[in-house]
Amino acid sequence: IAGITQAPTSQILAAGRRMTLRCTQDMRHNAMYWYRQDLGLGLRLIHYSNTAGTTGKGEVPDGYSVSRANTDDFPLTLASAVPSQTSVYFCASSALAGGGVTDTQYFGPGTRLTVL
Amino acid sequence: QKEVEQNSGPLSVPEGAIASLNCTYSDRGSQSFFWYRQYSGKSPELIMSIYSNGDKEDGRFTAQLNKASQYVSLLIRDSQPSDSATYLCAVKKEGSQGNLIFGKGTKLSVKP
């Protein structure tokens, strides 16, 4: 069981280009999340999905979009990348839709994105 | 006031000592509390969760929760150099769709 996989591992991207970060989980978790992690700012939620077909905005959603066509996949798209989107991006998942007291998030290995 | 606050460190302890990591949170409706460990260049890894006031022990790790004072702590007994990492405190607020609020993390260094 792989858990959560993310692709690519790292990417250098020219500003203005479109980029999709991929996230796949094989745990049949209902909820999935995208975070970005920046030095001095910690982990911040970009978008989330409580179940296939639904998505929601997190703390820093501007410039990003997501879709959740099925349970396993939760891609994050940067329509027109800007240098401020340089960050490490983590995908996470949890079992329960909408969370519960004991619901726990598990993280993928991350994608390091540099926008020049 | 920030929603989840941690001392950024670095916290340096000698091998074999007890490391004490602290976290305070602002929302009294918070229900669930998590400690993640993150090695440099790696993803966060869950090490402890706690939901009720008091202590919860798991091996060398003890999480302590005091909802009245709005703090949660993590004690690491018999600290090892392999415990050197950044420790992230995360809090789940009531009615937050299950979303976590993370502190910025405390960097722990265990010296041999």
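Bear in mind that the values here come from a model prediction, so they are computed numbers and not experimental data. Below, all heavy atoms of this structure are taken into account, side chains as well, without hydrogens, waters or symmetry copies. Protein chains get the first letters and strands the later ones, always in sequence-line order, with residue 1 at the start of each.
- A donor and an acceptor atom, one from each side chain of A/D103 and A/S94, are located under 3.5 Å apart.
- Between the side chains of A/T77 and A/T20, at least one donor N or O lies within less than 3.5 Å of an accepting N or O.
- Listed options B/A90, B/S49, B/S43 were ranked by heavy-atom pairs under 4.5 angstrom with chain A; first place goes to B/S43.
- Looking only at heavy-atom pairs under 4.5 Å with chain B, the residue among A/G56, A/A92, A/P109 that has the most is A/P109.
- With a 4.5 Å cut-off on non-hydrogen atoms, A/L43 touches chain B through its backbone and its side chain both.
- Using a 4.5 Å cut-off between heavy atoms, B/Q38 contacts chain A through its side chain alone, with no backbone atom that close.
- Among B/L88, B/T86, B/L46, B/I101, the residue with the largest count of heavy-atom pairs under 4.5 Å with chain A is B/L46.
- Electrostatic pairing of A/D73 and A/R68 does not count as a salt bridge here, judged by no charged N lying under 4.0 Å from a carboxylate O.
- Under a 3.5 Å cut-off, the side chain of B/S79 and the backbone N or O of B/A17 do form a donor-acceptor pair.
- Contact of A/Q37 with chain B is made through the side chain alone, with heavy-atom distances under 4.5 Å.
- When only modelled atom types and interatomic distance are considered, B/S73 and B/Y71 share no side-chain donor-acceptor pair under 3.5 Å.
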